[in-house]
Amino acid sequence: MPDTQLALTHPAAPAVRFEDFGLSPDILRALADQGYIHPTPIQAEAIPIVLQGCDVMGAAQTGTGKTAGFSLPIIQLLLAHASTSASPARHPVRALILTPTRELADQVADNVKAYSRHTPLRSTVVFGGVDMAPQTAALRSGVEIVIATPGRLLDHVQQKTLNLSQTQILVMDEADRMLDMGFLPDLQRIINMLPAQRQNLMFSATFSPEIKKLANSFLKNPVTIEVARSNATADNVTQVLYKVEEDAKHDAVAYIIRERGLKQVIVFSNTKIGASRLSRHLEKEGVKAAAIHGDKTQGERMAALEAFKQGTIEVLVATDVAARGLDIAELPCVINFDLPYNAEDYVHRVGRTGRAGASGDAISLFSDKDARLLTDIEKLIKHTISRLQLTGFVPQRSSDRRPRYEESSDRAASSRSSGNSSQYGRSAYAPRKEKIDPWFLKPYEPTVPAPQQDQNGASGQGGKPAKAKVAALLGGMPKR
DNA sequence: AAAAAAC
């Protein structure tokens with residue numbers, strides 16, 4: 001048992017096999033079913049540590065195999081320590097896995113189910129936006145493992161359909177995201193319902209001071225596992241920027257997708273309306289697309305995701321609901337229709353491609369107004385992103401993109417009724433002179449050469465507001 | 001500024 005933080009940074013030996021971890025044959029059989037033989041680096045590090053019963057602070061990007069990294073040893077632990085419950089009919093919840101989004105919860109639950117399919121352990125997923133009754137029924141029938149989003153979980157606790165008094169293991173997946181989304185008060189309420197004696201696992205793609213603070217507040221002597229450099233984008237992802245006038249971005253996306261023959265791409269939009277609008281535009285251009293965002297019903301969200309996985313649609317236009325965690329195999333390309341407001345979200349979006357060793361492309365569109373966002377992003381990822389020409393793309397002007405108040409008589413509405421005016425509309429072309437701004441040429445220069453070695457929190461730069469907010473919350477303040 | 005998450 002480690003009495004202090006222990007950093008395990010060595011890479012796993014290449015030929016490690018799942019059989020080497022002493023996992024139950026039932027688990028190994030499930031892995032074999034899926035054709036998994038060798039663990040990823042984070043799995044090789046996490047599995048033995050979790051099996052020892054240690055708390056874990058894991059810094060892991062998506063696509064590193066993190067889910068199996070915690071669910072396999074959890075299943076093993078639950079199998080090894082048979083339920084102490086007097087009545088075998090009762091299945092107390094023994095492990096709780098929290099995620100920030102519904103889709104992620106669903107996906108983690110699928111994995112847990114697959115890994116435990118040959119064991120007597122039962123699991124279920126619980127999240128909002130869908131009927132409560134089936135979840136209640138599943139919970140009542142008894143489950144050892146619950147995967148949930150915080151709000152609906154608390155709802156079930158209130159309804160007394162769920163009891164957390166016997167929960168021995170807590171996992172917080174995408175903890176940074178949960179903080180961003182203001183889940184801290186919910187997390188605290190949930191944690192207060194758990195036994196004091198338990199194992200905590202926390203995973204986060206980024207490793208901000210806020211996250212460290214959260215970790216310190218409820219992990220006990222956590223072992224730190226860090227697989228990817230934090231706040232860094234994967235080396236195998238080629239990142240580029242194309243400067244495009246704001247009102248030509250829709251066409252630019254269509255152009256990029258057509259020109260490169262992209263068959264599986266996620267396009268990120270900053271707004272729900274923007275996502276729907278772009279999706280419609282792409283459809284009009286003959287690109288099979290669907291939007292996924294928080295204003296869609298849960299059914300629509302699941303259908304869009306499924307259609308994308310099946311290949312029925314080629315383009316998933318998403319808000320940041322899809323920025324993290326979604327497991328879509330070997331996504332070759334992501335496009336940022338908008339640069340994200342939070343620099344960290346850039347890392348997460350880009351993390352949707354180039355996964356598990358494969359290479360990928362991350363294409364971002366930007367315009368003059370994004371100068372500031374771009375600076376923030378490059379500061380975070382600590383390098384510049386190449387500004388390239390979108391060769392062959394001719395920005396055009398059509399009535400579609402003219403602000404309503406500028407509507408003029410020469411652009412008759414009839415010219416758009418046919419829908420696709422982009423290629424054949426004869427009045428559409430009005431090549432723009434590309435003006436290059438000074439800042440555009442100026443490479444990123446690190447203003448603050450990384451946080452100085454920082455003598456244990458005694459940093460001289462007066463506390464940032466976000467930090468103070470989290471500190472206040474950790475002190476017991478509700479409300480965000 | 002925006003999105004997400006419980007009803």
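Only a predicted model underlies this, so the values are computations on that prediction, with no experimental measurement involved. Letters go in sequence order (proteins before strands), and every chain restarts at 1.
Nucleotide dA4(B) holds its C1' atom 11 Å from the CG atom of D295(A), rounded to whole Å. As a whole-Å value, the separation of M132(A) CE from dA6(B) P is 10 Å. As a whole-Å value, the separation of R189(A) CZ from dA5(B) C1' is 13 Å. For R177(A) and dA5(B), the CZ to P distance is 9 Å, given to the nearest whole Å. In this structure, D370(A) atom CG and dA1(B) atom P are separated by 15 Å, rounded to whole Å. Taking atom NE2 of H293(A) as the reference point, atom C1' of dA3(B) lies 11 Å away to the nearest angstrom. Across the protein-nucleic acid pair, L154(A) atom CG and dA4(B) atom P stand 20 Å apart, rounded to whole Å. Atom NE2 of H348(A) is separated from atom C1' of dA2(B) by 15 Å (rounded to the nearest Å).
Considering only side-chain atoms of K272(A), the nucleotide from dA6(B), dA4(B), dA2(B) that sits closest is dA4(B). Each of dA6(B), dA4(B), dA2(B) was ranked by its minimum atom distance to the side chain of M181(A); first place goes to dA4(B).
In terms of phosphate contacts, T149(A) brings a side-chain nitrogen or oxygen within less than 4.0 Å of OP1 or OP2 of dA6(B). Remark: T319(A) is not in phosphate contact with dA2(B), judged by side-chain N or O atoms under 4.0 Å from OP1 or OP2. In this model, the phosphate group of dA5(B) is approached by a side-chain N or O of R301(A) to a distance below 4.0 Å at OP1 or OP2. Listed pair K369(A) / dA1(B) fails the phosphate criterion, with no side-chain N or O lying under 4.0 Å from OP1 or OP2.
For D180(A) against dA4(B), no side-chain N or O and base N or O form a donor-acceptor pair under 3.5 Å.
Among the heavy atoms of the strands lying under 4.0 Å from R102(A) are primed sugar atoms or P, OP1, OP2 only; no base atom is included. Here R372(A) lies out of heavy-atom contact (under 4.0 Å) with every strand. Heavy atoms of P100(A) sit under 4.0 angstrom from primed sugar atoms or phosphate atoms, though from no base atom. Within 4.0 Å of D186(A), counting heavy atoms only, lies no atom of the nucleic acid at all. Residue contacts shown for N270(A) are limited to sugar-phosphate atoms, with no base heavy atom under 4.0 Å away.
The one candidate from I225(A), L170(A), I74(A) that meets the side-chain contact (heavy atoms from CB on, under 4.5 Å) condition with L201(A) is I74(A).
Residue pairs that meet the salt bridge (Lys or Arg N to Asp or Glu O under 4.0 Å) test with at least one member in residues 334-343 of chain A, sequence neighbours left out, are K249(A)-D338(A).
For the 3.5 Å distance criterion, the side chains of E306(A) and Q310(A) qualify, holding a donor opposite an acceptor.
If you take CZ on R372(A) and CG on L339(A), they are separated by 13.5 Å, rounding to the nearest 0.5 Å.
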Determine all donor-acceptor pairs shorter than 3.5 Å in which one atom belongs to a side chain in residues 313-323 of chain A; sequence neighbours excluded.
{"from": "T319(A)", "atom 1": "OG1", "to": "V321(A)", "atom 2": "N", "distance (Å)": "3.4"}
{"from": "D320(A)", "atom 1": "OD1", "to": "R349(A)", "atom 2": "NE", "distance (Å)": "2.8"}
{"from": "D320(A)", "atom 1": "OD1", "to": "R349(A)", "atom 2": "NH2", "distance (Å)": "3.4"}
{"from": "D320(A)", "atom 1": "OD2", "to": "R349(A)", "atom 2": "NH2", "distance (Å)": "3.2"}

